[in-house]
Amino acid sequence: MKKWTLLDSRYIIQRPWATLRVDKLQLPNGNIKDEYYVLEYPTWVNMVAFTEDDQLLFVRQYRHGADEIMVELPAGVVEDGEDLEEAARRELLEETGYVFTSMEYICKLYANPATSGNLTYTYVLKGGKKIQEQQLDSSEDIEVVIMGIEEAKQFLFDNKIGQALHTSALFYSFQKLGLL
């Protein structure tokens, strides 16, 4: 198995939340793909966050791409130059108002490696304590949802979490913590 050879690359659009490039590639068999489209997204973090009394924090928000209100894990973009763990703690504080006493790295996943190269990193945080109100961006409307472990597992098993990277994060985390 060999990688494809990049012959040319150009951007069609470059915006903070929508970057699309088209690559010209040569496959190992010699065939040329004149137009292979790649979406570029920033790195982001997903957090499986437990409160001091072992409740799980989720967020409910409208997702325009799916045109649905969804329950998800707290998550967010890693800012340029920001440490992954710092980003996870910052996003949790902003979205939920909670701080945590411990953090453990769980996994990294690609959203769709066929057309995008960004990674999502998952962390489990424990000992969460609410210290402030949410500090949401002007484009965010987020409701904090708190569930017990069994309720969260049932929610997951009943396919009520539609974000694929969040379901993966929960399965990896539950497995690592011996909850499955």
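Between Thr167 and Ile161, the shortest heavy-atom contact is CG2-O, 3.0 Å. Considering every non-hydrogen atom in both Asn46 and Leu165, the closest pair reads ND2-O, 3.7 Å. What you find for Met147 and Ala152 is that their closest heavy atoms are SD-CA, 3.7 Å. Closest approach of Glu35 and Val22 over heavy atoms only: CA-CG2, 3.6 Å. Considering every non-hydrogen atom in both Pro74 and Phe58, the closest pair reads CD-CA, 4.2 Å. Among all heavy-atom pairs drawn from Arg60 and Val71, the shortest one is NE-CG2, 3.8 Å.
A donor-acceptor pair under 3.5 Å is absent between the side-chain atoms of Lys2 and the main chain of Leu27, judged by distance alone. Asp158 contributes no side-chain N or O that, together with a main-chain N or O of Lys160, makes up a donor-acceptor pair within less than 3.5 Å. Within the 3.5 Å criterion, the main-chain N or O of Ala114 finds a donor-acceptor partner in the side chain of Asn112. For the pair Glu72 (side chain) and Val59 (backbone), a donor-acceptor distance under 3.5 Å is absent.
Hydrophobic clustering, defined by side-chain heavy atoms of Ile, Leu, Val, Met, Phe, Trp and Tyr closer than 4.5 Å, groups Tyr105 together with Val45, Met47, Leu57, Val78, Leu84, Leu92, Tyr98, Phe100, Met103, Tyr110, Leu119, Tyr121, Tyr123, Leu125, Val144, Ile146.
To the nearest 0.5 Å, the span separating OG on Ser173 from CZ on Phe50 amounts to 7.5 Å. Atom CZ of Arg90 and atom CD of Glu95 lie 9.0 Å apart (nearest 0.5 Å). Distance check, rounded to the nearest 0.5 Å: CD1 of Ile13 to CD of Glu40 gives 12.0 Å. Annotation: the span from Gln55 atom CD to Glu151 atom CD amounts to 8.0 Å, rounded to 0.5 Å. Atoms CD and CG, on Gln26 and Asp8 in that order, are 13.5 Å from each other to the nearest 0.5 Å. Rounding to the nearest 0.5 angstrom, the gap separating the NZ atom in Lys153 from the CG atom in Leu180 is 6.0 Å.
Between Lys126 and Glu52 there is no salt bridge, since none of the side-chain N atoms of the basic residue sits less than 4.0 Å from a carboxylate O of the acidic one.
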Report the C-alpha separation of His166 and Met70 in whole Å, then their side-chain angles, then the decisive distance to 0.1 Å, and conclude whether the side chain to side chain contact (heavy atoms under 4.5 Å, CB included) test is met. CA-CA 11 Å; His166 294 193; Met70 304 183 93; over 6 Å; no
Could you check Asp53 against Thr51 for side-chain hydrogen bond (donor to acceptor under 3.5 Å, both in side chains), going step by step and ending with a plain yes or no? CA-CA 5 Å; Asp53 58 349; Thr51 63; 2.4 Å; yes
Would you please test Ile12 and Arg21 for side chain to side chain contact (heavy atoms under 4.5 Å, CB included) and show each step? CA-CA 5 Å; Ile12 294 171; Arg21 74 171 199 262; over 6 Å; no
CA sep, side-chain torsions, deciding dist, call: Tyr36, Lys24, side chain to side chain contact (heavy atoms under 4.5 Å, CB included): CA-CA 6 Å; Tyr36 194 94; Lys24 182 176 181 178; over 6 Å; no
May I have the step-by-step check of salt bridge (charged side-chain N to carboxylate O under 4.0 Å, His left out) for Glu86 and Arg89, ending in yes or no? CA-CA 5 Å; Glu86 179 184 330; Arg89 290 184 187 280; over 6 Å; no
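You'll find the side chain of Thr19 stays beyond 4.5 Å of the side chain of Leu39, heavy atoms only. Residues Val38 and Ser116 form no side-chain contact, since every pair of their non-hydrogen atoms from C-beta on lies 4.5 Å or further apart. Between Leu73 and Val48 the shortest side-chain heavy-atom distance falls below 4.5 Å.
Residues Tyr62 and Val145 do not share a hydrophobic cluster, clusters being chains of Ile/Leu/Val/Met/Phe/Trp/Tyr side chains in contact below 4.5 Å. Ile142 and Ile69 are not part of a single hydrophobic cluster, where members link through side-chain heavy atoms under 4.5 Å apart. Side-chain heavy atoms closer than 4.5 Å link hydrophobic residues (I, L, V, M, F, W, Y) into clusters, and following such links, even through other members, never connects Leu93 to Val124. If you chain together hydrophobic residues whose side chains sit under 4.5 Å apart, Leu20 and Leu6 never meet in one group. Put simply, Phe157 and Phe155 are part of the same group of oily side chains (I, L, V, M, F, W, Y) that touch within less than 4.5 Å, one to the next.
The local environment of CG in Asp141 is sparse, with at most 12 non-hydrogen atoms from other residues, nucleotides or ligands closer than 6.0 Å. Remark: Gln175 CD is loosely packed, at most 12 non-hydrogen atoms of other residues, nucleotides or ligands lying under 6.0 Å away. Heavy-atom contacts from other residues, nucleotides or ligands closer than 6.0 Å to OH of Tyr172 number 12 or fewer.
By the ring pair (Phe, Tyr, Trp, His ring centres under 6.0 Å) test, Tyr41 is found to be paired with no residue, residues two or more places apart in sequence or in another chain being considered.
Here the rule is side chain to side chain contact (heavy atoms under 4.5 Å, CB included) with Leu7, and of Leu25, Ile32, Asp34 only Ile32 fits it.
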